[in-house]
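Keep in mind the model is a prediction, meaning the values are calculated, not measured. Convention: sequence-line order gives letters A, B, ...; per-chain numbering from 1.
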2 protein chains.
Amino acid sequence: MSTPGSGAPRRATISDVAREAGTGKTSISRYLNGELSVLSPQLRARIEAAIERLDYQPNQMARGLKRGRNRLIGMLVADLTNPYSVEVLQGVEAACHALGYMPLICHAANEVDMERRFLQLLTTYRVEGVIVNALGVSEETLRPVGDGGIPAVLVDRSVDGLVTDMVGLDNEGATTLATRHLVERGFEHVWFVVQPFEHISSRRQREAAFHRALEQYPQVSGRTVVLELGDADELAQTLSGLDAELDAAIAAHEQREGAGRAPHVALFAANGPVALALARHLNQRHGPDWQKRVALLSIDDPEWAELAGITTIRQPTYDIGYRAVEFLHQRIDGEQASARDCLLPGVLIERASTMR
Amino acid sequence: MSTPGSGAPRRATISDVAREAGTGKTSISRYLNGELSVLSPQLRARIEAAIERLDYQPNQMARGLKRGRNRLIGMLVADLTNPYSVEVLQGVEAACHALGYMPLICHAANEVDMERRFLQLLTTYRVEGVIVNALGVSEETLRPVGDGGIPAVLVDRSVDGLVTDMVGLDNEGATTLATRHLVERGFEHVWFVVQPFEHISSRRQREAAFHRALEQYPQVSGRTVVLELGDADELAQTLSGLDAELDAAIAAHEQREGAGRAPHVALFAANGPVALALARHLNQRHGPDWQKRVALLSIDDPEWAELAGITTIRQPTYDIGYRAVEFLHQRIDGEQASARDCLLPGVLIERASTMR
DNA sequence: TTGTATGCGTTATCAT
DNA sequence: ATGATAACGCATACAA
């Protein structure tokens, strides 16, 4: 019976290879770094053989220490539970692959201490840059990063007081697109549902854009509902209240107009997690036919959205991640331009929820 | 206007701190490693001040190089798109935090080359161990790992020819539990739907356990349906075929028994992604009332399951991740026991789908 | 074309 | 109690 243990019998080093090949470490190093033109064919062959025999693999840590850069970049994700984050990650990974970086993925799991801890950790590992999907509670946490610290690119949201590149959704455009869609489909009431703003810029922007967009349509009434997803009790309570108001609105409407065939109020979820919370609640309360009472539209297009048939604004998540790495790469390369914002457009996916 | 650049003005090193504090590097090192008892109070104070002034943070790479261990472990995830993986990850992260490791998360995105590449990368970064949720195409890919290589723990599935610890769901128990549930609820036909087995042990085990469990209930007929999720065309085709057979089964049943109030055939999805594919298809084909035609049960309990009202077997994902790190930690510490399997039980969550 | 020597930032060994 | 000094594994300036 075999016993897997820490049986790692010390990996071969460059010196070992040099000895095995009967040469100096320099030649090995040259071989590793592709300076082939400067090596005689026979030496090169001996080196190759030695590497093969010893199963040698250069130690990246040592390399990084020596050359002063380790090709590591940190990717700090606020919440991997959110499909949005995973999609962005895919773009990040692809770009890292293309540009020769290795991404260190850190997951803050919505905990501020985790965010701080990982940021700290990443700097002690001397990553060359970080991509941060920040909790954004305060710029204090992010001090080691950005201006004067290690290069950073923010994703999805900016942080007050932090001067860095940032790439994310064009919130203004996306929100306007969605709002106009709802108005055109004839909804008379639109309720914008969003998590507590805290310092998360994208939430603020979307909410502001929503009301700005509605100003053009005085016949439609809009309001904001804040939903705290973290606290189950508070969530349930808020949702109950919301439901009651919905009842009232529907009753009033039917009294005036008679029972309509389609809902006249729409819920506009600021992001996927909010939409899921709403859908779960409505489904539980009113059964699978809840969409006959109220329509649901969401920014973010998680996989279940198609199943549920809700209309969404899909974000260019992959591109967001990819661009973020490109920006970071430029900074690492010494680019000195002032902080840039890269806003990418969302696309509307219309589903049964808002079809009349 | 501020310009975030690679303005990182070279971080302070231990020598800088020594000079600033007017002492030798050794004392700084001692301070950093908590050998406080051996430092005079005044020297200690000077060191603290110097560190503060220079904002010094020890370079983990250099430390790792010197001591021969860097507290890094790799976590190779097959598919982050699968909520199962993210949940396992949470457990891994928690355990790493508790045990003082930093997890390097790598995402193979279901690509075998990625898996190989990341494994290679992890070894060159000299991680002390790896947790692998393998694609498992062949043990060849995983050669650098496990027996003789760096310590490894497999998650969810084992790989033929690879001798390592492994932790995952008790597939036998979970599948039996689910099967018995369906039988007790009176279903007469149960179709087990699973992705192509390839080398993924958990899929095989679940399928085998399903048929084994059904042997005890001769009145119920069971069969296996293989669903290739990767190829959209093939998927659509298979699903159409499945749907036609479903029609036939329902028609035959109604002819014998008259139109029933509840479905008499149940689909048993081997995991969450399969369940989602099935639900999407059925929903698209038959509308939100599809559950009146056929019941759906799934191993894995993704968030949308409650929304859709399908019965599931929830895996102890967090524990799986946590235990994996504990195992790895023991191996890293030199534990030599022979390869262990840790099988954790799943729990049945009954929802509308299978209630009569 | 090839090898020697030095140093990256840290810890460990040995003095003092 | 404190401090020189030699490694760790590698890359590079320089010498041969």
Looking at residues at least two apart in the chain, or sitting in another chain, which of them share a side chain to side chain donor-acceptor pair (under 3.5 Å) with [X]?
X	value
A:T124	none
A:Q57	A:R11, B:Q120, B:T123
A:N33	A:S29, A:R63, A:R67
A:E111	none

Pairwise side-chain hydrogen bond (donor to acceptor under 3.5 Å, both in side chains) hits with a residue in residues 40-52 of chain B, at least two apart:
B:Y31-B:E48
With a 3.5 Å distance limit and no angle check, can you tell me whether B:D333 reaches the backbone of B:E335 through a side-chain donor-acceptor pair?
no
Tell me which pairs pass salt bridge (Lys or Arg N to Asp or Glu O under 4.0 Å) where either residue lies in residues 122-133 of chain A, with sequence neighbours left out.
A:R71-A:E128
Quick one: salt bridge (Lys or Arg N to Asp or Glu O under 4.0 Å) pairs with a partner in residues 319-329 of chain A, sequence neighbours left out?
A:R323-A:E326
Specify the separation, in whole Å, of atom OH of A:Y31 and atom C1' of C:dT1.
17 Å
Annotated protein contacts, base or backbone, on nucleotides 3-10 of chain C with a non-hydrogen cut-off under 4.0 Å, one of B, S, - each
BB--BBBB
Note down the inter-axis angle between the two ends of the helix from C:dT1-D:dA16 to C:dT16-D:dA1, five pairs each, to the nearest 10°.
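Axis angle across the helix from C:dT1-D:dA16 to C:dT16-D:dA1, nearest 10°: 50°.
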Could you check whether A:S37 gets within reach of a base, just the sugar-phosphate, or nothing at all, counting any heavy atom under 4.0 Å?
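If one applies the 4.0 Å heavy-atom cut-off, A:S37 turns out to touch the sugar-phosphate alone, with no base involved.
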What nucleic acid atoms does A:I28 come within less than 4.0 Å of, heavy atoms only: base, sugar-phosphate, or nothing?
nothing
I'd like to check the side chain to side chain contact (heavy atoms under 4.5 Å, CB included) partners of A:A62; sequence neighbours left out, ordered by chain and number.
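Partners of A:A62 by the side chain to side chain contact (heavy atoms under 4.5 Å, CB included) criterion, ordered by chain and then number, come out as A:N59, B:L65.
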Where does the chain B footprint on DNA chain D start and end, counting 5' to 3' with a 4.0 Å heavy-atom cut-off?
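For DNA chain D, the relevant span reads D:dA1 to D:dG9.
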Pairs where residues 88-125 of chain A contributes a residue and the test ring pair (Phe, Tyr, Trp, His ring centres under 6.0 Å) is met, not counting sequence neighbours
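Every ring pair (Phe, Tyr, Trp, His ring centres under 6.0 Å) pair that includes a residue of residues 88-125 of chain A, provided the two are not neighbours, is A:Y101-A:H329.
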